[in-house]
Structures are given as C-alpha cells and as structure tokens.
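Chain letters run A, B, ... following the sequence lines, proteins first, then strands; residues in each count from 1.
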Amino acid sequence: MNTKLDSVLLPRKKFIYHYKNMRWAKGRHETYLCFVIKRRVGPDTLTFDFGHLRNRNGCHVELLFLRYVGALCPGLLGYGGPGEKRLSYSITWFCSWSPCANCSTRLSQFLSRLPNLRLRIFVSRLYFCDMEDSREREGLRMLKNIGVQITNYKERIDIFLIYLGSTLGRLSHPKIFKAWGELHQNSVRLSRKLKRILQPLETEDLRDAFKLLGL
DNA sequence: ATTTTCAAT
C-alpha cells in the first residue's frame, strides 16, 4: 500500500478545525477527505480500510482519491478479462468541503462505469453553493442522479464519530470527541439547504406556481 | 446586515 495513504491519521485539532460545519468557515483553504472502504471479498466476508487525504499540488482531494483508487481498491477496476469477477466496494467519504463542479463531473464519469462501486459522501460544508444556479449545485445533483448518496454528516453522526474515535484511538488520544456547540444547529441548516439543492423544482411545481400566479 | 470557499503571498 502506498505509504502516503497509509498515513498518519488526522490529528484531532486539525480534524475539528477543518470539519467544523459552520456557515462562514474562514481560512479553510484546504480540503480533507476521510474515507472508509468496505470491500466484499466473499459472500460472507468483508474487509475494511480507512484513512484520509488532503488536496495537494492544485489537485482537489476527490481527484486525488481517484488517482489512488486502484491501489486502495484492488479488484475494483478489473482488466476486462473474459468472465472476470470484479469485487464490490462501498466507499464512504467524509469531506470537509463538498465537491466542486469539475470534481462532481469527473466523479460521475468515473462512477458511471463502475456498478460494483457504491459511494456515499458526507460533507461538512457546501462549497460555492450559495447561488441558485451555481455549477457546484448542478454537480451535486449530477452525483445524486448517478446514485451517489450525498448528505451532511449529522444524519449519520454515529458513523462519523466511530470513524473519529478510531482515528483518535490510533493516535493514542484517549480524549472523547466533544462536538462543538453549534454542530446540531449548523447541520440542520445544512440539511435543509442540501435538500433544496438536491430536489430542485419539478416542472409540476412550476406549473402549480404559474397557475397560482394566473400566468 | 454581513461574513467564506481544494490560495496566494
């Protein structure tokens, strides 16, 4: 396994700084991606792997993950041999920022060729999603449409904390994770926003709205 | 009310 990936788990302070789900995250000029990889190696056998990445050299962290995915997920891609059996993977990401438009596009292209890979993404904060017509919003919808489950992490805070706990455990930090005070409030706001983004107005709704306006 | 953003200095 690549030693860079093997890594060094995210130190607690850095983790909390980058994963705080506040509205105005000043100074987070980096993005972290903690991942959990679940691999089905047999009918009753799963293996797990986890770690984290950070964007580097102008490469967004999502694309960095794709660059390493062959090493992280042996048997995922396959070599196209006849009757070749590809392994099934479930991958969970915890991203400090949601993916940019370009990463969403590239991810969608990648995933659409791999029915044996399920990806879900938990995000701490939405990246450039304030404008109604932002390309980032469009990108998130694209991901959803090809089956990526994307949500903020409060809905599965248990997984998140387990991940965090194991991370801290490996670092010999006995401290229990203490959520920041605004975590819940922030995640409620984020959930609403994400929901609005992922469920855009249907034509039906517009029709109703037009009727209501007498148009 | 307004604030930031996978930097660039």
key: Trace of the salt bridge (charged side-chain N to carboxylate O under 4.0 Å, His left out) decision for E138(A) with R135(A)   = CA-CA 5 Å; E138(A) 199 52 56; R135(A) 293 181 58 238; over 6 Å; no

task = May I have the distance from R106(A) (atom CZ) to dC6(B) (atom C1'), rounded to whole angstrom?
result = 14 Å

key: Between C1' of dC6(B) and NE2 of H52(A), the distance in whole Å   = 14 Å

query = Using atom C1' of each nucleotide, how far apart are dA8(B) and dT4(B) to the nearest Å?
reply = 16 Å

task = Answer yes or no: does a side-chain N or O of Y127(A) lie under 4.0 Å from OP1 or OP2 of dC6(B)?
result = yes

query = Under 6.0 Å between the ring centres of F65(A) and F35(A)?
reply = yes

message = According to a cutoff of under 5.5 Å between the ring centres and under 30° between the ring planes, does W97(A) stack with the base of dT5(B)?
response = no

task = Rounded to the nearest angstrom, tell me the gap between atom CE in M131(A) and atom C1' in dT4(B).
result = 15 Å

Please enumerate all protein N or O atoms sitting under 3.5 Å from an N or O of nucleotides 7-9 of chain B, with distances to 0.1 Å.
none

remark   = From CD1 of I121(A) across to C1' of dC6(B) the rounded distance in Å is 14 Å

inquiry  = What is the separation between atom CD on E136(A) and atom C1' on dC6(B), rounded to the nearest whole Å?
reply    = 11 Å

query = Which is true for R54(A) with a 4.0 Å heavy-atom rule: it touches a base, it touches only sugar-phosphate, or it touches nothing?
reply = nothing

ask   = Please give, in whole Å, the distance from dC6(B) P to L107(A) CG?
value = 18 Å

dT2(B) to dC6(B) separation - C1' atoms, rounded to the nearest Å = 24 Å

inquiry  = Rounded to whole Å, please give me the gap between CZ in R28(A) and P in dT5(B).
reply    = 9 Å

task = Identify whether any heavy atom of E62(A) sits under 4.0 Å from a base atom; if not, whether one sits that close to sugar-phosphate; answer base, sugar-phosphate or nothing.
result = base

query = Has the side chain of W24(A) got a donor or acceptor atom sitting under 3.5 Å from an opposite partner on the base of dT3(B)?
reply = yes

key: Pi-cation contact, Y17(A) with R28(A) (under 6.0 Å, within 45°)   = yes

inquiry  = Applying a strict under-4.5 Å side-chain criterion to I, L, V, M, F, W and Y, I'd like to know whether F50(A) and F48(A) cluster together.
reply    = yes

inquiry  = Heavy atoms only, 4.0 Å cut-off, all strands: where does S134(A) land among base, sugar-phosphate and nothing?
reply    = nothing

Could you pull out all donor-acceptor pairs under 3.5 Å where a side-chain atom in residues 106-114 of chain A meets a protein atom, sequence neighbours excluded?
residue: S108(A); atom: OG; partner: S104(A); partner atom: O; Å: 2.7
residue: S112(A); atom: OG; partner: S108(A); partner atom: O; Å: 3.2
residue: S112(A); atom: OG; partner: Q109(A); partner atom: O; Å: 2.8

ask   = Under the side chain to side chain contact (heavy atoms under 4.5 Å, CB included) criterion, do L140(A) and L126(A) qualify, and how do the steps go?
value = CA-CA 10 Å; L140(A) 296 184; L126(A) 295 170; 4.2 Å; yes

message = Taking the basic N atoms (NZ, or NE/NH1/NH2) and the acidic carboxylate oxygens, is any pair closer than 4.0 Å for D130(A) and R137(A)?
response = no

request  = Quickly work out the Y17(A) OH to dT4(B) P distance and round it to whole Å.
outcome  = 13 Å

